[in-house]
Structure formats: C-alpha cells, structure tokens
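Down below is the structure, laid out as structure tokens.
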Amino acid sequence: MKPNRIYTYIALIVGVATLIAWNSPTFNNNPQANSDSQDTLKITILQTADIHGQLDPHPELFWENNEIVFKKRGGLAHIKTLFDEERKKNPGKTIIVDGGDLIQGSGYVAFSEGEVMTDVIKNMNYDVLIPGNWEVIYGKQKMLEVYEKFETPTIVQNMKHEDSNENLYPSYLVKEIDGVRLGFIGINDPDVPIRQNPIFSKGINFSQIDNSVKKFIDKVKVDEKIDVMFLVTHIGIYKQVTLANSPIAENVDYILGNDTHERVRQPIQGTYAKVTEPGAFGSFVGKLNLYFVNNKLVKDDYELIDVDPEVYKADPEIQAIINKNKAPYQENLETIVGYTTEPLYRYLTVENPMDNLITDAARWKTGADISISNGFRFGNPIVPKDGKPAAITRANLWNLMPVNEPVKTGKATGKQIKMWLEKEMHNAFAQNATERFGGWLVRFSGMKVEFNSQNDKNERIISIEVNGEPLDENRYYTISACERPGDPDHVLCRMPNVIDVETKDYTIHEVVEEYLKLHSPISPKMDGRAYCEYLGVNSFSTVPGTDYIFK
C-alpha cells in the first residue's frame, strides 16, 4: 500500500474516533474530562440575582417530597467565599454577573437607601452588574450614586435620561478570554413605571423590547466579533422564555434571567437561546460552564449552587464590612415586635400566611369590607423551632414587606371589584407571557374567590363572596390598600375610579406592628380565601410551555 494512502486511512480512523469521543456519554457528561483536554477551553459564568439587600444567612423555603421545608442559606460573606473557590477552580476564566435588585428589599437597605451595600458589592469582585426593577425605589439620582460607588461595570440597554434620551449606562460589555469574545447586553423591565410606584422612576425613560433590540444585538455581534452572546435581563421568567423563542434572540446564545426569583436548575431551551434564573436573596448562585475548541462553543453544563453557610464559611473581610454597615440601624431593626406559632412566608402563587396576616391586620385597623395587598414571592421566612413561637423583628417585617406606604381607603362597586380582579388574574396567569405582570395573584382579606387560571381573559372568576355573602355588583364596598405615590387619587392598588378616597396618617408597617402587639402570638394559616382547583394549594410557579418546577 502506498504511504499516502496509509496516511489517508490513519487520518480517517482518527477522525472517526474523535467524532465518537466527542459524542460519547463520557465526554458529554464528564465536564472534568472536557476541561482537562489539551485543546478545550473552559469558561465559567457565575450569576446572582435579586439579592434584595439580604446581607446575612437566613431561612429559605424549599419544596421537597411534596412538602415545604426550611433550610439556612445565603449571606454575602458566604457568597464571596463561594466566588473565590470557583475562581480558583478556573483562574482567569471566570466571569461573575449580578442581574439586579441589589439595593431594595430589607430594612437595612431601606433605612440607608442602599448605602449598606456599596462597599460590600465593591469588594465582591463582580465583573458586570445590571439594575433591576426595584433599583429606582430611592429615585434616579440615588440609584446612580449607589451604583457609582460599586465601582463595577454596569450595563443596561433600555434605560435613558428623560431629558436627553442618553443611556444611563453603557448598553453592553465585551469580555475576551484566550481569544474567545463574550458579549453581555443588559435589559431591564420596560414596565418599571407601572409595576413600581410611578414616582420612583421619574426622570428615566424605558424603551421596549422590540425589533430595534434585535438590530442592536445583531450589530454588536458583528461589530464586536462576538463568539457567545448573553442577554442579562430583568424581565421575569415568563417574558425571558418568550424572548428565547422570539426572532429578536436569533443571535443570542444565553439569557441570564432575573426578576421572578425562580430556581432554574436546568436551563430552559428556547428556539434560539437557553434561559437561566438563579433564585433570589443570595440563597443561590448559578454556575454555567462553557467549553470551547478553536473558539467554537461545543458544550455547556449548568448547576444551581445552594449557598449553604456551613459549606461556604464567611469571608472575614466582607463580614466585617457587613457588621460595620449594619451597626447604626441594628438596635431599631432587631427590636422584637411580635411572635408567631406558624411559619410566615410569601412564596406561593395564590395565597400565603404572611399575606393573610398583612391584609387581616389592615382590615382590623380600617374596618374595611375588603383589604388588599400586592402579591409577589418575597422575603425570608420566619420559622418557629422546637414547638416554640418565633420572634418577629422589624427587620423580619421589612424582609417580607419591603415597601412601607400609608394606608389608603375608598369605595368601589362589586362590579368594579370583579372587573379589577379579572384584570389582576390576567396579569398573573395570561398564557401569553408578554401580557403578564409578575406572576402572583393579588392578596386580600374579607373576600373569598374561586377561579380557574386556565380560562380566557375576563372569564376566570367562578364565584366571589364578601364577608360570607355573594358579591353584589351594584353595592359599594369599602376597600383598604396602600398608597402608591404617583398614582392618581382615584386609583387604589391599580383599581381606577374609586370614590371617597382617604389616605390615612399611618403606614402598613405601623398597622402590622400594632396588630402584633395586641394579638401575639399569632397563628396565620392559609384558609382558602383564594382557590383554583387547577393550581391547587401549593402552587409556586406557572410557566406555560415548559416543564419547569420550582423546588
């Protein structure tokens, strides 16, 4: 046989062997084998999201074996240790991203207007940040000041100065590692002025996610010679999955999602991109490993890491900063204001013990027929131990009630209430994810509602009772909610044309504290004031078109 023919056969055999190896279970399921390959480059992306000012370890709620369990998780000093350990595993090739909502959500950030976070985040060594929907809570100027003190690259494509229409921050960031160019484009929720009190975001314009965004993505990919494109979005899991299936994301590889506090443990594959979302409150860190050969992405793997404080000991430097920054507010916030014999949490889609406490307290104080409160997944649970009531501190209340506004009352007809409730249900359960706001039903006391989340818009309600009687569409009912600065006087929790409106001289936090003082120890439970047979009692998430399960 001629030598050149021998070489051809050898090359063919090697090529087939290589192809088999690349597609073998060993290669696909053994990241360590991949990363040790001489020709394989591994890049690690670590992601946090929706930390919401949570500085310390805290109880976290999990859904395991069809029941709720609580475990201690989180703490920024512990996250710093995790970051350092992961960087040592892949030195010079690890990028750390935060997806927003850093400076709102606890009493410590509320009283300091985010300042307790500045030198903590500055020393966490993030590579890139984006602002979330709650970053505007202290106003535009304060947000800009706090983020400047982070001394960390911040990006967002769709937030602009109202007066000049110039970007608040650069739209994107490029990171190059061993010749591989990674592009990161930041996008915040365009509906911030509607979701949050309108006054919070005064002076900021938010642009929509439309075909102009596609043109921008495509331009960045070409101009910057991007090998892997990331969107770092703060728009919620429903819209993030929809975006991954939209031609807008045609040149996007990964959507590092944030906002709805979902725990995506296996990336959700869309038509064009994969979607992640790494929980909330600093309880988790998402870890995405990317494997490259000749600058081409050939494989990835993903893990959602629990921030277990027993596994990741506190970084001494970060912990010292946290202790120093908390000190001026600690005496007030750690004051005990009540006790509970039952766990308090706000994690379920339809009804939660903490929401029942809030709305029951408001109805007790105001004497209203119905008291309502925004529904959302928020805060660290308060968990009794060893059969003893758990103390409730002001810090606990701020963790579970992150905004403290005056109580507002008014009157609306039964017909208005029904129309409003149908709209709120559509906000939470629309099958078209672009029509959703959040993903949790509004909460209430004094009213009992049965509904079907799968019905069409304006056809979800099966029955409504107010204080044990069927809703009378022609009758006026008194309602209490919280004032949203910037809303018209006639609007009450997004319900328009309410009459006899009165803003009280007390806040919802003051109401709950007063209620706890008189009624502790409390024992709030879910009592079926809102029920949907399709969702059941323990509904954590509804993400149409996916097999995602919160756990």
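Just the heavy atoms: all of them, side chains too, but no hydrogens, waters or symmetry mates, feed the values below. Given the structure is predicted, the values throughout are model-derived calculations rather than measurements.
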Exercise. Donor-acceptor pair, T152 side chain versus F150 backbone, under 3.5 Å?
Worked result: yes

Evaluation steps, side chain to side chain contact (heavy atoms under 4.5 Å, CB included), between H78 and V307
CA-CA 7 Å; H78 302 269; V307 183; 4.1 Å; yes

message = For K89, is there an ion pair with E86 - N to carboxylate O distance below 4.0 angstrom?
response = yes

Quiz item: Do Y312 and I305 come close enough that some side-chain heavy atom pair is under 4.5 Å?
Solution: yes

Exercise. Decide salt bridge (charged side-chain N to carboxylate O under 4.0 Å, His left out) for D306 and K71; before the verdict, give the C-alpha distance in whole Å, the side-chain angles of both, and the deciding distance to 0.1 Å.
Key: CA-CA 10 Å; D306 280 27; K71 302 176 185 179; 5.3 Å; no

N90 and K42 have their tightest heavy-atom pair at ND2-O, 2.9 Å

Check your understanding: Can you tell if the side chain of N325 reaches within under 4.5 Å of the side chain of L55, non-hydrogen atoms only?
Key -> no

>> Is it the case that the side chain of Q240 and the backbone of I235 share a donor-acceptor pair, with hydrogens and angles ignored and the cut-off at 3.5 Å?
In response: yes

Notebook entry, point to check: Step by step, would you call K287 with D301 a side chain to side chain contact (heavy atoms under 4.5 Å, CB included)?
Noted result: CA-CA 8 Å; K287 178 183 178 182; D301 58 57; over 6 Å; no

Heavy-atom closest pair (C493 atom, V442 atom, distance to 0.1 Å) is SG-CG2, 4.3 Å

Is atom CG of D163 surrounded by more than 12 heavy atoms (other residues, nucleotides or ligands) closer than 6.0 Å? yes

In this structure, CG of D50 is separated from CZ of F378 (nearest 0.5 Å) by 8.5 Å

Starting from the C-alpha separation in whole Å, work towards a yes-or-no answer on salt bridge (charged side-chain N to carboxylate O under 4.0 Å, His left out) for E115 and K142.
CA-CA 10 Å; E115 292 285 350; K142 190 63 182 181; 2.7 Å; yes

Query - Heavy-atom side-chain proximity of L441 to M425 below 4.5 angstrom - result: yes

Which class fits the ring pair F62 and F284: parallel under 30°, tilted 30 to 60°, perpendicular over 60°? perpendicular

When you measure from the side chain of D315 to the backbone N and O of T81, does any donor-acceptor pair fall under 3.5 Å? no

Here the gap from N380 atom CG to L400 atom CG, rounded to the nearest 0.5 Å, amounts to 7.0 Å

Does the gap between the ring centers of Y345 and Y347 come in under 6.0 Å? no

Sorted by chain and number, sequence neighbours left out, side chain to side chain contact (heavy atoms under 4.5 Å, CB included) with E405 holds for N197, F200, V403, C482, P485

Review point. Does N245 use its side chain to pair, donor to acceptor, with the backbone of T271 at less than 3.5 Å?
Key: yes

- Count the heavy atoms of every other residue, nucleotide or ligand shown that sit under 6.0 Å from NZ of K72, and state whether that count exceeds 12. no

Interatomic distance, CG@N205 vs CG@N167, rounded to 0.5 Å, equals 11.0 Å

Taken to the nearest 0.5 Å, the spacing of I255 CD1 from N258 CG works out to 11.0 Å

When every non-hydrogen atom of D101 is compared with those of W134, the smallest separation belongs to OD1-N, 2.8 Å

Tell me whether H234 contacts the main-chain N or O of V232 through its side chain, where contact means a donor paired with an acceptor under 3.5 Å. no

Flag the pair V275 / Y548 as yes when at least one side-chain heavy-atom distance between them is below 4.5 Å, and no otherwise.
-> no

Worksheet item: Are any of the side-chain heavy atoms of Y534 and T542 separated by less than 4.5 Å?
Response: no

Which of R443, R494, E424, R484 passes side chain to side chain donor-acceptor pair (under 3.5 Å) with N374? Answer is R494

So CD of E277 and CG of L256: to nearest 0.5 Å the spacing works out to 10.5 Å

Residues 84-132 vs ring pair (Phe, Tyr, Trp, His ring centres under 6.0 Å), sequence neighbours excluded, gives F83-Y126, F111-W398

Okay, side chain of D253, backbone of M229: is any donor-acceptor separation there less than 3.5 Å?
-> yes

For P278, does its backbone N or O pair with a side-chain atom of R265 as donor and acceptor, under 3.5 Å? no

Side-chain donor-acceptor contacts of residues 180-194 below 3.5 Å, not counting sequence neighbours, with atom names and distances?
from, atom 1, to, atom 2, distance (Å)
R181, NE, E224, O, 2.6
R181, NH1, E176, OE1, 2.8
R181, NH2, E224, O, 3.1
R181, NH2, E224, OE1, 3.0
N188, OD1, N133, N, 3.4
N188, ND2, P131, O, 3.3
N188, ND2, G132, O, 3.1
D189, OD1, D191, N, 2.9
D189, OD2, R195, NH1, 2.6
D191, OD2, K239, NZ, 3.2

Next on the checklist: Within the 4.5 Å heavy-atom criterion, are Y302 and D300 side-chain neighbours or not?
Outcome noted: no

Near K423 NZ, under 6.0 Å, is it more than 12 heavy atoms from other residues, nucleotides or ligands? no

Between Q319 and A77, the two heavy atoms sitting closest are OE1-CB, 3.3 Å

**Asked** For V264 and L304, what are the C-alpha separation, side-chain angles and deciding distance, and is it a side chain to side chain contact (heavy atoms under 4.5 Å, CB included)?
**Response** CA-CA 7 Å; V264 176; L304 187 63; over 6 Å; no

Using the rule given for side-chain hydrogen bond (donor to acceptor under 3.5 Å, both in side chains), can you reason through R460 versus H426, listing the C-alpha separation, both sets of side-chain angles and the distance that settles it, and then say yes or no? CA-CA 8 Å; R460 289 185 171 88; H426 193 68; 3.1 Å; yes

Rounded to the nearest 0.5 angstrom, the CD1-CZ distance for I51 and F281 is 11.0 Å

Next on the checklist: I'd like to check V146 versus M117 (side-chain heavy atoms, cut-off strictly below 4.5 Å). Are they in contact?
Outcome noted: no

Between Q47 and G257, the two heavy atoms sitting closest are NE2-O, 2.9 Å

Which is it for M124 and I96 under the side chain to side chain contact (heavy atoms under 4.5 Å, CB included) test, yes or no, and what are the steps along the way?
-> CA-CA 10 Å; M124 294 281 286; I96 305 181; over 6 Å; no

| request: Hey, can you tell me if H261 and H52 have their rings parallel, tilted or perpendicular (30° and 60° cut-offs)? | output: perpendicular

Residues F550 and E262: closest non-hydrogen pair is CD1-OE1, 3.7 Å

